[in-house]
Amino acid sequence: MIEKSQLVKDMQALLGPEKVISSKLERYTYTYDSSFLSQLNEYYPDVVVCPMNTEDVQKIMRYAYKNDIPVTPRGAGSGQTGGSVAVKGGIVLDLSGWTDIVEIDESNMQVVVRPGIVHADLNVVLSSYGLFFPPDPGSSKMATIGGMVGNNASGLRAVKFGNTGQYVLGLEVVLPDGEVMKTGGLHSRALKSVSGINLTSLYVGSEGTLGVITQIRLKVLPKPPVRGILLTLFSSLDDAAATVLEVFKNGIIPSGIEILDDSGIKAANKFQPDLKLPEAEAALFFEINGSKAAVDFEGQQVKEIAEKRASVVEWATDPQRMGKLWQGRAVIGAASARVKAGATRIFCGEDVCFPMAKVPEALRRIKEIGAKHNTLVVIYGHIGDGNMHTAPIIDPLKPEEVEAAHRVADDIHQLALELEGSTTGEHGVGFTRSQYMVAEHGKALEIMRIIKDAIDPKGIMNPGKIWVER
Amino acid sequence: MKTTYQINFAEELKKCVRCGECRANCPIFSESKREPDSPRGRLALVKLLQDGKIQASAELSEKLYGCLLCKTCAVNCPSGVITDEIMVGVRDYLDDVLDRNIIKKLVLRGFLTRPALLQASFSLVKLYQKTGLNDVLTRSKLIEHLPETMSAGAKILPDVSKRLARGRIPEVVKPYGEKRFRVAYFLGCATNLIYPDVAVSGVDVLARHGCEVITPAVQCCGMPHLAYGDTDTMVQMAKNNMKVLLSAQVDAVVTDCSSCSATLAESYQKLFEPGTVEYNQAKELSSKVYDLSKFLVEKTGIQPGPNPVNVTVTYHDPCHLKRGQNVFKQPRELLKAIPGVDFKEMKEADRCCGSAGSFSIMHHDLSMKVLERKISNIAASKAAVVATSCPTCTMQLSYGLKSHGIAGQVVHPVQLLAKTYKIVDYP
Ligand SMILES: Cc1cc2nc3c(=O)[nH]c(=O)nc-3n(C[C@H](O)[C@H](O)[C@H](O)COP(=O)(O)OP(=O)(O)OC[C@H]3O[C@@H](n4cnc5c(N)ncnc54)[C@H](O)[C@@H]3O)c2cc1C
Ligand code: SF4
Ligand code: SF4
């Protein structure tokens with residue numbers, strides 16, 4: 001076993017001292033991501049390194065492989081599962097400074113980027129080419145593309161545009177032993193390929209457990225020129241769900257359909273008082289984008305469908321109003337805390353996904369779970385695909401409230417399994433959900449482990465995630 | 001952690017959900033790209049300290065001093081975490097428990113409370129600047145306490161004006177025509193020493209807008225002390241300034257410096273416990289404090305003179321004016337009211353320029369990186385003149401333009417307005 005001080009010296013020698021963070025104080029800032037559980041534990045990495053090219057990563061991996069040292073890749077640390085936290089110590093690779101756009105291949109509708117580039121920054125650059133990378137997590141301003149691939153992130157517009165994986169054409173990966181592999185074809189610029197077993201999709205969502213992603217080739221799309229937002233308020237959750245179903249049945253796929261429950265509506269109003277959402281059991285935000293004619297036509301259709309059941313319907317195309325409405329939804333994740341003075345929201349049990357038809361039942365059951373544990377739970381999410389975000393609002397300084405929040409999270413995860421859903425729709429497993437994996441996957445989890453062991457026989461890549469340690 | 005600065009660390013810190021959104025907003029993080037330099041990272045370290053898991057140390061204070069106090073994180077935080085105020089509070093604490101850095105102490109406690117010494121210190125630095133490595137500094141052993149980059153930082157300081165504003169401006173200036181307001185002009189240190197013409201123009205313009213202007217003998221507002229955690233000294237200054245300004249029987253206290261107005265209007269209240277006499281005084285003072293542009297736009301209305309000022313102008317928002325006091329429309333309105341001015345909005349006009357008082361001297365390299373982005377935005381605006389409402393921003397931007405070989409002038413908006421009249425200089 002290498003001594004920690006030796007490890008630091010060796011990293012400095014390999015990469016140069018400016019790429020190595022070793023003081024205990026600074027390492028502390030790598031012990032968390034946004035998951036509540038990571039904040040209750042102090043999983044210190046032994047060293048943090050900031051590689052800036054593939055060779056750096058290779059050097060680190062060869063060294064780690066030889067010396068059996070755990071390696072945890074990290075993007076912005078905006079994940080909600082502790083995925084980028086070194087639960088077994090070792091080396092954290094902070095990739096968020098490696099932000100290059102290697103190539104924008106406009107005529108082939110693709111870009112090649114390094115892992116650290118932030119989602120929103122990439123889209124700013126792409127927009128000057130009339131292009132965009134469609135998945136849009138609420139964390140767009142901080143999440144890195146590497147982290148999005150690591151977790152197969154999606155977001156508010158997944159209904160129409162799907163998740164990150166649908167856009168990843170190929171990856172450069174440094175394997176646990178330091179070798180480099182390219183998936184999706186060595187020289188391919190094809191937008192479609194079924195050549196061989198799809199290793200790209202194996203790596204998408206693998207949460208840093210199979211290697212370090214050092215380059216990403218992404219398919220991009222023409223940026224839709226026009227959008228409109230329809231805000232609707234319902235006095236019953238069932239009416240909201242029925243409206244969504246009817247919209248789909250009419251052949252309309254909005255780019256996003258978002259829901260806030262009554263507590264979510266309160267939080268949005270508190271955060272942005274000029275929103276002035278009236279009280280209701282549910283608010284739905286439909287986003288429609290595309291050509292002007294399509295947006296006008298579909299917007300009108302959705303409006304008419306919504307008017308059958310909604311108490312309030314507002315169709316906005318004014319950019320300022322749209323921005324306000326959509327932002328009210330986008331920031332709700334962190335703003336939920338505003339509903340209760342002295343309390344804060346925490347991220348745990350936050351990403352369950354239900355079958356569409358069971359969303360109203362699920363929301364009612366989540367409220368019951370909250371009541372049972374005497375915990376206020378704000379609910380919002382992507383009703384268009386059943387992916388619900390639940391935010392326990394607690395005073396983290398009160399141990400009994402923390403304890404209750406853990407029970408709420410556990411019950412919510414169990415509920416997702418009971419209702420034939422998933423414990424996570426987009427955030428991933430990390431170490432916060434690994435305990436549910438056997439129940440969720442059965443035999444399939446064993447096969448995942450076999451694949452993992454084949455690629456990473458020494459188990460040095462992000463240990464302690466996805467699988468409960470044997 | 002007990003501090004003079006009124007802040008409840010536990011309650012404020014628990015609001016941070018560690019979402020990381022502030023990584024997108026912090027000008028320091030966007031240069032360094034390392035978590036310890038992010039607002040979230042700094043808050044995590046303060047939480048460790050608050051929880052008693054670490055002790056105050058030089059390393060910790062270096063991290064926590066690496067913040068510009070620009071408020072960008074705070075105004076954008078979805079959870080309402082007031083990171084900049086937490087940084088001010090924790091510096092207050094560190095100042096009490098740690099050995100103070102000699103240079104900071106000297107500059108702040110000694111010099112700023114005694115204007116004569118401040119002038120001497122500027123001259124000293126100027127001398128240092130001219131001779132490279134000056135033996136006065138060496139012999140006084142001060143040099144040992146100057147960070148390596150300070151020698152470069154000292155270059156930002158412009159020449160100290162020979163004709164300081166105090167002394168040039170009469171104690172009482174009568175209004176042109178009928179008196180509409182009686183106003184106290186709060187003459188800040190940097191304006192007085194480095195940009196005295198701004199104050200001369202400011203006072204004259206106020207008088208032209210029907211104000212009787214007094215320029216009372218105040219001390220430094222205390223912002224530099226606050227930024228370095230020296231609240232003991234600041235409390236004394238605040239008490240003195242409140243006494244002087246509240247007894248002056250004025251309708252308003254006006255200043256050209258956004259740090260001074262932010263300090264007088266916001267920070268003084270944080271120095272005293274609610275309910276105390278001083279707290280009430282701070283509240284009363286706060287209601288009277290105006291940024292110069294705001295006062296002219298909202299209280300007197302802009303009445304420009306007849307002479308056009310044919311120039312393209314862009315405006316840089318000082319952090320403490322836009323995010324601290326929500327004043328950003330008024331300086332633009334003032335500029336647009338000036339005949340001949342062609343106003344061009346620059347990209348990211350409200351992004352910090354990296355000066356943050358003495359930050360540019362103490363953390364020179366980082367500050368220069370932040371400045372670089374500002375300068376390229378200014379250059380892209382193609383404006384010949386940059387207007388801004390803060391002397392330290394003016395210093396930083398002037399240095400940036402010069403070092404990038406860009407011809408361009410940095411002025412206070414009121415200086416352009418003053419050009420529309422036949423300007424009166426006081427002897
Ligand atoms: C307020 C808020 C809103 C959010 N909204 C959404 C949302 O709408 N949709 C959504 O999907 N997510 C959302 N998230 C979760 C999170 O932002 C995403 O999971 C995001 O993709 C994480 O990116 P990151 O750069 O922060 O990665 P990190 O958290 O640093 O890492 C995530 C995982 O990826 C691995 N990883 C990172 N980089 C690499 C690499 N180069 N190679 C291999 N593995 C790597 C890490 O080991 C880790 O397992 C939200 C988070 C917050 C705080
Ligand atoms: S300070 Fe605000 S924006 Fe930054 S991590 Fe904390 S909650 Fe998020
Ligand atoms: S106040 Fe400015 S410099 Fe300081 S942490 Fe916040 S954004 Fe960064």
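Since the structure is predicted, the reported quantities are computational estimates derived from the model, not experimental observations. Letters go in sequence order (proteins before strands), and every chain restarts at 1.
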Checklist entry - B/R34 versus A/C50: any side-chain heavy-atom pair under 4.5 Å? => result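 They are in side-chain contact.
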Checklist entry - So do A/T29 and B/L45 actually touch side chain to side chain, heavy atoms under 4.5 Å? => result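 Side chain of B/L45 against side chain of A/T29, heavy atoms only: contact under 4.5 Å found.
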Item to check | For chain B, the option from A/S38, A/P396, A/A76 that forms the most heavy-atom pairs under 4.5 Å | outcome: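 Ranked by heavy-atom pairs under 4.5 Å with chain B, first place is A/A76.
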Next on the checklist: Between A/T99, A/I346, A/T344, who has the most heavy-atom pairs with chain B when the cutoff is under 4.5 Å?
Outcome noted: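 With the most close heavy-atom pairs to chain B, the winner is A/T344.
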Item to check | SB check A/E26 B/K63 (cutoff 4.0 Å) | outcome: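 The answer is yes: the pair qualifies as a salt bridge.
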Checklist entry - Charged N to carboxylate O below 4.0 Å: is that the case for B/K14 and A/D395? => result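 Yes.
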Reported [atom1]-to-[atom2] distance for the pair [X] and [Y], which is rounded to 0.5 angstrom:
X: B/E21; Y: A/S140; atom1: CD; atom2: OG; value: 9.5 Å
X: A/L397; Y: B/D51; atom1: CG; atom2: CG; value: 8.5 Å
X: A/E42; Y: B/L48; atom1: CD; atom2: CG; value: 6.0 Å
X: A/K141; Y: B/C19; atom1: NZ; atom2: SG; value: 9.5 Å

Checklist entry - Which bit of B/D37 comes within less than 4.5 Å of chain A, counting heavy atoms only: side chain, backbone, both or neither? => result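 Neither part, no heavy atoms under 4.5 Å.
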Next on the checklist: What part of B/L60 gets within 4.5 angstrom of chain A, counting heavy atoms only: side chain, backbone, both, or neither?
Outcome noted: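 It is both, since atoms from each part get that close.
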Heavy-atom pairs under 4.5 Å with chain A are the metric here; pick the option from [options] that has the most.
options: B/K47, B/K33, B/K15; value: B/K33
options: B/S38, B/G41, B/S32; value: B/G41
options: B/C77, B/A24, B/P36; value: B/P36

Assess whether atom [atom1] of [X] is packed by more than 12 heavy atoms of other residues, nucleotides or ligands within 6.0 Å.
X: B/Q55; atom1: CD; answer: no
X: A/Q320; atom1: CD; answer: no
X: A/E18; atom1: CD; answer: yes

Polar contact flag, side-chain donor to acceptor under 3.5 angstrom, [X]-[Y]:
X: B/R18; Y: A/S78; value: no
X: B/E35; Y: A/Y32; value: yes
X: A/S23; Y: B/E59; value: yes

Checklist entry - chain B heavy atoms under 4.5 Å from A/R74: which part of the residue, side chain, backbone, both or neither? => result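 Interface part for A/R74: side chain.
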Checklist entry - Side chain, backbone, both or neither: which part of A/Q80 has a non-hydrogen atom closer than 4.5 Å to chain B? => result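 Contact with chain B is absent: no heavy atom of A/Q80 under 4.5 Å.
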Checklist entry - Could you go step by step and tell me if B/R23 and A/S96 meet the side-chain hydrogen bond (donor to acceptor under 3.5 Å, both in side chains) rule? => result CA-CA 11 Å; B/R23 283 170 59 108; A/S96 67; 2.9 Å; yes
